[in-house]
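Working notes, beginning with the structure itself.
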Amino acid sequence: MRRVLINGRQSKGEINRNLYGHFAEHLGRCIYGGFYVDPGQTEIPQQNGLRTDVVKALRQLDIPLLRWPGGSFADTYHWRDGVGPRQERRPIINTVWGGTQESNHFGTQEFLELCQLLDCEPYITGNTASGSIQELQQWVDFCNQPAGLPGAELRELSGHPEPWQVRYWGIGNEPWGGGKASDARFYALQYRQFARFLRADPQHPLCRVACGASVDDYTWTRVMMEELGTEMELLSLHYYTRPYKDWSQRGPATGFSRQEYYNTLENACFMEDLIENHSRIMRQYDPSGKVQLAIDEWGTWFLPDPGSNPAFLYQQNTMRDALVAAIHLNLFNNHCDTVAMANLAQTVNVLQALLLTKGPRLLLTPTYYVFLMYKEHQGARQLETFAETKLLREGAAELPDLSVSASQAADGSLLLTLANLDDQRPQELRLYLDGLGAAWPLKVSAQLLSGQTAGAWAFNSFDQPCQVQPQLLPVISKGPGELAVTLPEASIAAVKVL
Ligand code: AHR
């Protein structure tokens, strides 16, 4: 039996809703076939081309934020190609992801309409690689200038007089990658030039996201802070979880070895080191903590599904992915004083997707259910937790066997999320609730996500879509402030106390 203590007296503050953000790139079937289909076809229900099944599923998650159009695709994207009457838009070749032709029928307006349907904030990544300062400035104007001003003309002609008020703007993407090989000092100067020319109404200030480090490139973070100080609101970090450090070895998404399972989870836990080390450097230059981290690309990256186009990054999603998501979201909650945004890559049909589509069919992945079970952490007050853990060892991999976070919502309810990372042993847990000021007995309910007999290897397929789904988890009250639950091997629980 292991003890987990939830301390209602200590908190790092509010869990920014944007920690539960997502990312949608023009890559493979994320946009075309995923979010958007030809409005003229009748097989797939849609509204102005936007898939209604996808919108409905995502609305269940209360997603706060969606990043678009890339990623690396943003480096080649020119927003004017994707506005105005659809039939008049020029098609483009997606040179970054597989050389496929795109109609450009999904552009800024469609993205902003999608965000409206999802009731989430749009986050647009500007093109600082092949685009100009003027182009980005005019994109911001297109979205945000009040009607009647010159920058808003094109938007008004497109039938949307009211400004969209897009707040989140990424100033480029991965300047260190994708053949750009920019160094941090060069990018910092470039950032400053782009950022300074963006016009914003003082009533609606922009939130500018500067490109931060790849993984553990702490020099990048140091140089950015040295050069720019607080001349940005957020500094990004990109880190993908893979079973091997060597990029050429990504391992399969299903049917992986036990060693690959443990390597993957150990690498997911590495996110904590990254958050702590990057934030420490940021605080040295910005003690007030004005600039916060935006982990605007995270998630698993395995080998593409056999038979799929390798450039489309389509991969299945197992309970292992769900555990990676649980570890990350618990970490983000527990570091909500320094991390202000995080975006899982990528919402539909790409990498660690929430949703997979096949023609008119839609599949909810185990990762989707983690976001469903965790959604009430959004905007709640993070609570300190202590968990007794054991070290799991498999080959060279070492990691704690339990991942935990807790929060208290405005209505006083508590959400405790726990993941048992051990793929062979269940865990009996005793939960001690302290300092919550609640009267006992309380109303307690809990959900469990597990792969049952297939454990970490379980996944939902179009033939068997309900292999992994949340179930009710029995919780035993042991007396005032004390609960008992048992987590099966490789499982995730969300315990709610009212
Ligand atoms: O998410 C896939 C790609 O990974 C993105 O386009 C890029 O930013 C990152 O390298």
Side-chain angles (χ1 to χ4, degrees), residues 21-32 34-35 65-78 92-100 102 106 111 123-131 168-182 187 191 209-217 220 234-242 245-248 250 253 267-268 271 274 293-305 308-317 321 324-325 328 341-356 365 367:
H22 294 276
F23 173 33
E25 179 168 10
H26 288 240
L27 195 179
R29 295 186 302 112
C30 182
I31 299 296
Y32 295 103
F35 278 107
L65 184 88
L66 190 61
R67 178 176 183 246
W68 173 85
S72 302
F73 177 78
D75 291 343
T76 57
Y77 188 62
H78 300 284
I92 49 158
I93 302 292
N94 187 334
T95 50
V96 185
W97 300 110
T100 48
E102 292 193 6
F106 187 96
F111 171 62
Y123 167 19
I124 295 182
T125 308
N127 175 354
T128 57
S130 64
Y168 297 95
W169 290 89
I171 313 299
N173 178 68
E174 298 188 350
W176 34 262
K180 288 156 285 182
S182 177
Y187 170 70
Y191 168 89
V209 186
C211 296
S214 169
V215 194
D216 55 356
D217 183 352
W220 185 282
L234 296 172
L235 181 62
S236 74
L237 166 67
H238 288 185
Y239 173 60
Y240 285 95
T241 300
R242 293 170 285 124
K245 300 271 180 227
D246 173 3
W247 182 248
S248 61
R250 275 167 283 156
N267 290 338
M271 179 57 94
L274 294 175
L293 264 181
I295 303 168
D296 58 13
E297 287 187 32
W298 69 271
T300 57
W301 193 320
F302 301 123
L303 288 171
D305 231 35
S308 66
N309 182 335
F312 285 8
L313 309 185
Y314 177 83
Q315 64 190 39
Q316 246 299 353
N317 194 291
D321 294 81
V324 169
H328 277 80
M341 181 200 282
N343 305 80
L344 175 66
Q346 300 192 4
T347 330
V348 194
N349 292 330
V350 171
L351 297 175
Q352 190 173 352
L354 300 171
L355 307 172
L356 301 177
T365 66
T367 299

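Indexing begins at 1, ligand by ligand and atom by atom, following the structure's order. The figures that follow rest on heavy atoms only: side chains count, while hydrogens, waters and symmetry mates do not.
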Subject >> Stepwise side chain to side chain contact (heavy atoms under 4.5 Å, CB included) check, Ser72 with Trp97 >> reply: CA-CA 9 Å; Ser72 302; Trp97 300 110; 4.2 Å; yes
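Side chains of Thr367 and Asn317: a donor on one and an acceptor on the other come within 3.5 Å.
Side-chain atoms of Thr347 never come within 3.5 Å of backbone atoms of His22 as a donor-acceptor pair (strictly under, hydrogens ignored).
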May I have every N or O pair linking ligand 1 to the protein at under 3.5 Å, one per line with atom names and distance?
unit_1   : atom_1 : unit_2 : atom_2 : d
ligand 1 : 1 (O)  : Tyr240 : OH     : 2.7
ligand 1 : 1 (O)  : Gln346 : NE2    : 3.0
ligand 1 : 4 (O)  : Tyr240 : OH     : 3.4
ligand 1 : 4 (O)  : Glu297 : OE1    : 3.3
ligand 1 : 6 (O)  : Glu25  : OE1    : 2.7
ligand 1 : 6 (O)  : Glu25  : OE2    : 3.0
ligand 1 : 6 (O)  : Ser72  : N      : 2.8
ligand 1 : 6 (O)  : Ser72  : OG     : 3.3
ligand 1 : 8 (O)  : Asn173 : ND2    : 3.0
ligand 1 : 8 (O)  : Glu174 : OE2    : 3.2
ligand 1 : 8 (O)  : Glu297 : OE1    : 3.1
ligand 1 : 8 (O)  : Glu297 : OE2    : 2.7
ligand 1 : 10 (O) : Glu174 : OE1    : 2.8
ligand 1 : 10 (O) : Glu174 : OE2    : 3.0

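Ring-plane geometry between Phe106 and Tyr32 is classed as perpendicular, the angle between the planes exceeding 60 degrees on a 0 to 90 degree scale with a lower cut at 30. Classification of the Trp68-Phe111 ring pair by plane angle, with boundaries at 30° and 60°, yields parallel.
For the pair Arg29 and Tyr314, the cation-pi test (distance below 6.0 Å, angle within 45°) is passed.
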